[in-house]
2 protein chains.
Amino acid sequence: MSNVTISDVAKKVGVSESTVSRFLSGFKVRNADVINQAIKDLDYRPNIVARNLKSGKTGLIAVVVPDITNPFFASIVRGAEVAAGDEFMIQLINTGDDLDKESWALRRMVGRVDGMIYVPLQENSSAVDELDNRSLPMVFVDRVIEKNKNLDSVLADNFRGGELAARHLVEHGHSRIAHIGGPISSTPGKARARGFVETLRALKVDLPSQFVVESDFTTLGGYQATMALLALKSRPTALFVANNLMTIGALKALKEKGISVPQEMAIIGFDDHELSDLVDPPLTVISRDAHLQGALAMQTLLEKIRGGNQFPPKQLKVDVNLVVRGSCGSTCRYRNSKTSEFPKTLSASSRSK
Amino acid sequence: MSNVTISDVAKKVGVSESTVSRFLSGFKVRNADVINQAIKDLDYRPNIVARNLKSGKTGLIAVVVPDITNPFFASIVRGAEVAAGDEFMIQLINTGDDLDKESWALRRMVGRVDGMIYVPLQENSSAVDELDNRSLPMVFVDRVIEKNKNLDSVLADNFRGGELAARHLVEHGHSRIAHIGGPISSTPGKARARGFVETLRALKVDLPSQFVVESDFTTLGGYQATMALLALKSRPTALFVANNLMTIGALKALKEKGISVPQEMAIIGFDDHELSDLVDPPLTVISRDAHLQGALAMQTLLEKIRGGNQFPPKQLKVDVNLVVRGSCGSTCRYRNSKTSEFPKTLSASSRSK
DNA sequence: CTCATCGCTAAAAACGATTGCAGATAACTT
DNA sequence: AAGTTATCTGCAATCGTTTTTAGCGATGAG
């Protein structure tokens, strides 16, 4: 047990507790070296909890994500941790798409952490109301809550992602393009769909209403949505899928139905993966730097924590970009398939909104 | 701010702090309902840190992994979190293959958490010595530290994994089989290699020393190791790669060199992935249930925390199993490639060692 | 020689809860 | 109604720090 307290050290040296405390805080103290020695001898370690009680800080930042096994969220968490440096450590919460768990967790965070990085489940949620109004510094990542959208956030340029995808498919000659989207109640689900739909409209490409399917960001959802699209009397010839997991589901459905990509169906996903260029055919995707998103969120949060609420909230966006591989056809002819993508240079810029 | 303390509540009701405290702890109290009302009115929330100081508990479990962006570790963390239930929350630390960061983190954990689930970087590490001897309940997952291997642990049956892989390749007629292993200084690196090597010996298959390459569990490492093997005057015809990332690296190398799988090179990996059956060709792997490993670790840890050290440490192992797809050849002919693997049933059993 | 200044120190008061103890109130007995 | 328990209560101590306050001895100026 770390039973040895500051008072033991003080007693051993023959000074008061306050002197030891001051020594620990870096003040000049008369018997510095003998105190130091005593600390080593006794293997004294300050009780963090007591220190926290006095200071009112915990040294913890909550990172609340839907599911850490989604590589995209894992990257966010990693980025956040790296940016946190030595001062703060990460408390991880998976909400698992469960609204009850989400609000339970949020309520619990008050007083346990100094700040929160938060990927909410739904835009119309009132989960944040659980928190006392100004008590917990918070930054949204990837998604926001509608009624709190004036708070700090670090999103991706989802609208532009949808636009890039639509444009890319149209440029490849497609005119029957479907979209498997995330929940319309989530920030990226909505924005990606909007970018897609509005771009097609601007390009005068007809978009039957059955071609826009709202799904749920899961593999199963993507699979089912694809199956539904394939069951239509007149199928689409191309597919824009709004996240990584649904894209996997879509690919499984296409494979199961024996539909060749990109000949019978072109497909473009959202969010890159190390395996994306190894699937058959290599997957064209819209990508963005999730690590950077996490890091920016942490940075923003730390500014808030350190600076009080003196700065106005800021809404950041990271760029998206198109990674062309083979799954949309044609370009794979021009592409040197022997070009290794390894090692990959990670460089995504960010810009203020 | 959660400025309102138990004393405010007491004052408002006109009782002593201890009465409010007892009410909160579920004791029978005379003016229970008026206290309850006051708590609601003031929106009082107990200060967790103060409570922790008194109780000596923090309600936190540290989960220390090399890198959360590796899906395998993400699953461990998720499994651990699920098994933790309501009582404990997760503090996540990525050591990032950095020994200094690892011991820094471990030292820091004392007093901050009630227990630790720990994937150490190296078997011969002395990182655990940072901790006071019996102060912090701990369970190793996936890897152990040699000198502490009598402590609790939840490993995979790595030796059997190596055996299954070797046997599978031999059964497919290969006699020139190479192994790209993890660091020999890590538990799974060593055990998988041993299972592989000993099985080949038992089967009387010759194994040139250059065919056993020690790498580092990274994508880059797998890539370089594969390149080295391909540069040999007499190449292997099959490859057993000891983890998920190195397998990706190996595939990238093979693709870059234009070597067809499985015709020119069969390959079997370790650890499954949702994308594994979508790569070209579908990847045969040794898999195990990482989620279960994490859950078992948490369960074991909680027993330790609740029961004191009255129980002897236990070493658990989860089963591995062979998932046959196309990357080792032949079987893909007999395999109905249209069979979807979705939805996937997750069921791995565990057994005590 | 006196008084202010400086650099440090110990003692005591927080931080916000829980808990042992002794006393007060309530609930039964007879 | 008085005596005996059984419940519930407030006081004060405690958890291990930090921080404020007041004071102490040495130094330097006038």
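Residue numbers start from 1 in every chain, and the chains themselves are labelled A, B, ... in the order their sequence lines are given, proteins ahead of strands.
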Chemist: Identify each donor-acceptor pair in which a side-chain atom of residues 19-30 of chain A lies under 3.5 Å from a protein atom, sequence neighbours left out, and give them as a table.
Modeler:
| residue | atom | partner | partner atom | Å |
| --- | --- | --- | --- | --- |
| A/Thr19 | OG1 | A/Ser16 | OG | 3.3 |
| A/Ser25 | OG | A/Ser21 | O | 2.7 |

Chemist: For residues 105-122 of chain A, which residue pairs qualify under side-chain hydrogen bond (donor to acceptor under 3.5 Å, both in side chains), counting only residues two or more places apart or in two chains?
Modeler: A/Thr58-A/Asp114, A/Glu102-A/Tyr118, A/Arg107-A/Glu130
Chemist: Any N or O donor-acceptor pair under 3.5 Å from the base of C/dA11 to the side chain of A/Ser18?
Modeler: yes
Chemist: Quantify the bending of the helix from C/dC1-D/dG30 to C/dT30-D/dA1 as the angle between its end axes, each fitted on five pairs, to 10°.
Modeler: 50°
Chemist: Among residues at least two apart in sequence or on other chains, which ones pass side-chain contact (heavy atoms from CB on, under 4.5 Å) with A/Glu87?
Modeler: A/Arg306
Chemist: Contact list please: residues 20-31 of chain B against DNA chain D, heavy atoms, distance less than 4.0 Å, in numerical order.
Modeler: B/Arg22, B/Lys28, B/Val29, B/Arg30, B/Asn31
Chemist: Students often get this wrong, so: under 4.0 angstrom with heavy atoms, is B/Thr19 touching a base, only sugar-phosphate, or nothing?
Modeler: sugar-phosphate
Chemist: Apply side-chain hydrogen bond (donor to acceptor under 3.5 Å, both in side chains) to A/Asn52 and list each qualifying residue two or more places apart in sequence or on a separate chain.
Modeler: none
Chemist: Tell me, please, which residues at least two apart from B/Glu17 pass salt bridge (charged side-chain N to carboxylate O under 4.0 Å, His left out).
Modeler: none
Chemist: Let me know, please, whether B/Ser16 or B/Lys54 comes out on the 5' side of the other along DNA chain D by nearest nucleotide.
Modeler: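 Nearest-nucleotide comparison on DNA chain D picks B/Ser16.
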Chemist: Apply side-chain contact (heavy atoms from CB on, under 4.5 Å) to A/Pro188 and list each qualifying residue two or more places apart in sequence or on a separate chain.
Modeler: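 If we apply the side-chain contact (heavy atoms from CB on, under 4.5 Å) test to A/Pro188, skipping adjacent residues, the hits are A/Asp142, A/Arg143, A/Asn158, A/Ser186, A/Arg192, A/Phe217.
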Chemist: Does B/Lys57 have any side-chain hydrogen bond (donor to acceptor under 3.5 Å, both in side chains) partners at least two apart in sequence or in another chain, and if so, which?
Modeler: none
